[in-house]
Number of protein chains: 2
Amino acid sequence: MVHHGGRAGGDGRAGLDDVARLAGVSLSTASRALNNHPQVAAATRERVLAAAAGLDYVVSPDASRLAGRSSRARVAVVVPHLSRWFFGRLLEGLEVGLRDGDPDGGAGVDQLLFLVGDVAGRRAFFEDLPARRRVDAAVVVGFEVDEVEQRRLELLGVSIVSAGGPREPFPSVTVDDLRAGRQAVDHLVHLGHRRIGMLATADPADRGPDLRSRAYRTALTDAGVPDDPDLVVRVPFGPAGGAEGMGRLLGLRRPPTAVFAYSDEVAAGAVRAVQRAGLRVPDDISVVGIDDHPLAGLLDLTTVAQPVHEQGVVAGGMVRVLLAGGDPPPSQVLPTHLVLRGSTAPPGAAGRAET
Amino acid sequence: MVHHGGRAGGDGRAGLDDVARLAGVSLSTASRALNNHPQVAAATRERVLAAAAGLDYVVSPDASRLAGRSSRARVAVVVPHLSRWFFGRLLEGLEVGLRDGDPDGGAGVDQLLFLVGDVAGRRAFFEDLPARRRVDAAVVVGFEVDEVEQRRLELLGVSIVSAGGPREPFPSVTVDDLRAGRQAVDHLVHLGHRRIGMLATADPADRGPDLRSRAYRTALTDAGVPDDPDLVVRVPFGPAGGAEGMGRLLGLRRPPTAVFAYSDEVAAGAVRAVQRAGLRVPDDISVVGIDDHPLAGLLDLTTVAQPVHEQGVVAGGMVRVLLAGGDPPPSQVLPTHLVLRGSTAPPGAAGRAET
DNA sequence: TTGAAAGCGCTAACAT
DNA sequence: ATGTTAGCGCTTTCAA
């Protein structure tokens, strides 16, 4: 039996040779026609296109790129979580930044998603991924990349961009957590609070060095408030964590009059715990968070807002620059700002106001 | 100048031939060694591995797969949003379902992320993607796939799984929205409400046919309550939408005594609007949502819970079955259940209780 | 404007 | 256990 082109038996997918034969042209002409080469006769192109359509032909991206056609770039998007608003929102921005200015809606770069919740998954990503599924760039969201990991990727020629995490030795977009923390705590201090508690993250892997806690400490020091380790409790992410931590703070012989939570979702739980304890926010206890989560307004939560979507957009732009072979763009630190709402007030407001 | 293997000049990435030469073996032996073939001598493998390491060699996934090695599968994950808890959470489940039982943490399938917020993006996905970046399967989350789109994918041999959206003609995991809606509205009816409003989605593209509204209507009909179009307002997703919609409901000559919101995030805004209007929940107005969002508890929101993470896990499992060449697994409808909290109460409770 | 031929980098039969 | 030889499906010189 003569093998005259086409894939396998009658079932396989149509190949370029099938198209060529059906159109009555050579393989190369078919290829050119499909790739919009200028030097094919209009009529010929028509025929090829028709043949391709008729056969439901689709190129093999693998063969195509192997043969030289630099197909679309691929970027690995590495995130530790996805159910937290921050990450999802940032990824929405990333998508925008990656596609930006791309007239043709379909172009752009492909995003490979890597959900590396735990340390193990993360290590697996850095060891395994780049080697076997080649990506051209990686954007890591919300966590630190250590030197070994970084070198590994560099070696493979994949450029890295970091977003929403600690400032890295490579291009990154972030917010100044030290400053954000100070904005929150200073606000409390300015209000007159001296006994301020902190709900800090229990998972240092989340964002690298715990800058928010550091900010808390220095803010208090600067304000001349002596350190009290009891006032810092580390809690898991989320309302439950916040509630539990606040419970512990409330149980102290001298509870704080204000609390700084490392995230709105934690702050929300804290507010609830205060209310459950029969106390009021902000009359008895002030609470301030970070993020300006979409639901923060509902809870009337004072918070330090950070531009989450924009961090994604910027990161996407950086990736595009890198992909285009440009020089590593300078890192950017986006501004945060205090959003005053009803969860903070001067200490002892309980006795005075009755609003 | 003799071309004796190796890529381009001195700069290009090392190729398998370079490794082979350095290790003093043939190309195929090198390949076998790197692919853990059993029939290579331990010593040889060592040498090859060392050579590869020394040259920072990484296989070309394209060439590899072209040549026959069916590398890891790729699945397209198509979502309309990512900053909404539902989608992020479902994707976390998907990840789990896709990796399930995979001892080696790195194995599994690659996920290509497609964020198709608007109709245009979605159309682009269905027209363009399958053709140029081949994926082996696609899981569409939270929206309907029309027949043309479906056919297009089938043609290309990519199997589809639908999760968290309308029940499709292909394998899907969902929740019975009709039933979920009834659970919510029936609860209100049982409480004694007759004048019930609905905050329905303004974006029908989100989840296909608006089953939750349909449930609302039939529940009322079954309860013998006459239809009142004024009581259904369509609002955009989120707290702002909920607040605005509730505002409209409150502005009616005869406002409802209870409201069913199509999502907790909308319900939350509704609750807030009620409070801002100087009324109380649930004393003056009851509010019930859907999802059991992590923050629903904080807001003391009565809601109909759905297993979001699990929908993702199940979808992931289905994809694995399909990828393994198995028969299309049967669709699954996961159960929902009413979560009683403090945002609902019998009508007219305002006058009676003082809690 | 089109065809023929030579690979892209790798794997998988076949041989040995 | 290792080497040889065909390709995988496509793009691209090089010729015509």
Side-chain angles (χ1 to χ4, degrees), chain A residues 3-9 12-21 23-48 51-52 55-72 131-134 156-157, chain B residues 3-9 12-49 51-52 55-72 131-134 156-157:
Chain A
H3 176 266
H4 52 306
R7 221 67 46 259
R13 192 164 267 48
L16 184 49
D17 45 359
D18 293 309
V19 175
R21 199 160 343 99
V25 297
S26 76
L27 236 170
S28 32
T29 300
S31 172
R32 285 189 279 249
L34 292 172
N35 288 283
N36 283 309
H37 262 73
Q39 63 233 46
V40 296
T44 313
R45 167 177 290 115
E46 289 297 285
R47 251 182 313 134
V48 174
L55 293 172
D56 291 325
Y57 168 78
V58 303
V59 295
S60 154
D62 302 302
S64 178
R65 99 161 21 173
L66 217 212
R69 183 159 260 274
S70 71
S71 73
R72 76 197 312 116
R132 298 206 68 77
R133 316 85 116 172
R134 186 116 86 220
L156 297 159
Chain B
H3 176 266
H4 51 306
R7 221 68 44 258
R13 193 163 264 52
L16 184 49
D17 44 0
D18 293 308
V19 176
R21 199 161 343 99
L22 181 57
V25 298
S26 77
L27 237 168
S28 37
T29 300
S31 172
R32 284 189 281 249
L34 292 172
N35 288 284
N36 284 311
H37 263 73
Q39 61 232 49
V40 297
T44 312
R45 168 177 290 114
E46 290 297 287
R47 249 182 314 134
V48 174
L49 259 32
L55 295 172
D56 292 327
Y57 168 78
V58 303
V59 295
S60 154
D62 303 302
S64 176
R65 99 165 10 173
L66 219 211
R69 182 160 258 276
S70 71
S71 73
R72 77 198 310 119
R132 298 205 68 78
R133 322 77 118 176
R134 186 115 86 219
L156 296 160

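Each chain gets a letter, A, B and so on, in the order its sequence line appears, and its residues count up from 1. Bear in mind that the values here come from a model prediction, so they are computed numbers and not experimental data.
- The shortest distance between the side-chain N/O atoms of A:Ser26 and the OP1/OP2 oxygens of C:dG3 is below 4.0 Å.
- Residue B:Tyr57 holds its OH atom at 11.5 Å from CG of B:Leu49, rounded to the nearest 0.5 Å.
- Side-chain atoms of B:Val48 and B:Leu34, non-hydrogen and from C-beta on, do get closer than 4.5 Å to each other.
- In this structure, A:Ser64 does not reach the D:dG9 phosphate: none of its side-chain N or O atoms is under 4.0 Å from OP1 or OP2.
- Taking atom CD on A:Gln39 and atom C1' on C:dT2, their separation rounds to 9 Å, with Å as the unit.
- If you take CG on A:Asp18 and CG on A:Leu27, they are separated by 9.5 Å, rounding to the nearest 0.5 Å.
- Distance CZ (A:Arg65) to C1' (D:dC8): 16 Å, rounded to an integer number of Å.
- Using a 4.5 Å heavy-atom threshold, the side chains of B:Leu16 and B:Val59 count as separate.
- Taking every side-chain heavy atom of B:Ser28 into account, C:dA12 is the closest of D:dC10, C:dG9, C:dA12.
- Taking atom CG of B:Asn35 as the reference point, atom P of D:dT2 lies 15 Å away to the nearest angstrom.
- For A:Leu27, counting side-chain heavy atoms from C-beta on, the closest listed nucleotide (C:dG3, D:dT11, D:dA1) is D:dT11.
- The distance between atom CG of A:Leu16 and atom C1' of C:dG3, rounded to the nearest whole Å, is 14 Å.
- For the atom pair A:Ser64 OG and B:Leu66 CG, the distance stands at 10.0 Å (nearest 0.5 Å).
- In this structure, B:Leu34 places its CG atom 8 Å from P of C:dT11, rounding to the nearest Å.
- Taking atom CG of B:Asn36 as the reference point, atom P of C:dT11 lies 12 Å away to the nearest angstrom.
- Between A:Thr29 and C:dG3, a side-chain N or O to OP1/OP2 separation shorter than 4.0 Å is present.
- For A:Val25, the listed nucleotide lying nearest its side chain is C:dG3; candidates were C:dT2, C:dG9, C:dG3.
- Each of C:dC10, D:dC10, C:dG3 was ranked by its minimum atom distance to the side chain of B:Ala67; first place goes to C:dC10.
- The base of D:dG3 sits within donor-acceptor range of the side chain of B:Arg32, with an N or O pair under 3.5 Å.
- Comparing B:Arg47 and B:Leu66 by the nucleotide of DNA chain D that holds the closest heavy atom to each, the one mapping nearer the 5' end is B:Arg47.
- Across the protein-nucleic acid pair, A:Asp62 atom CG and C:dC10 atom C1' stand 12 Å apart, rounded to whole Å.
- Contact annotation: A:Ser31 side-chain N/O to D:dC10 OP1/OP2 distance is not under 4.0 Å.
- Between the NE2 atom of B:His37 and the P atom of D:dG3 there is a distance of 15 Å, rounded to whole Å.
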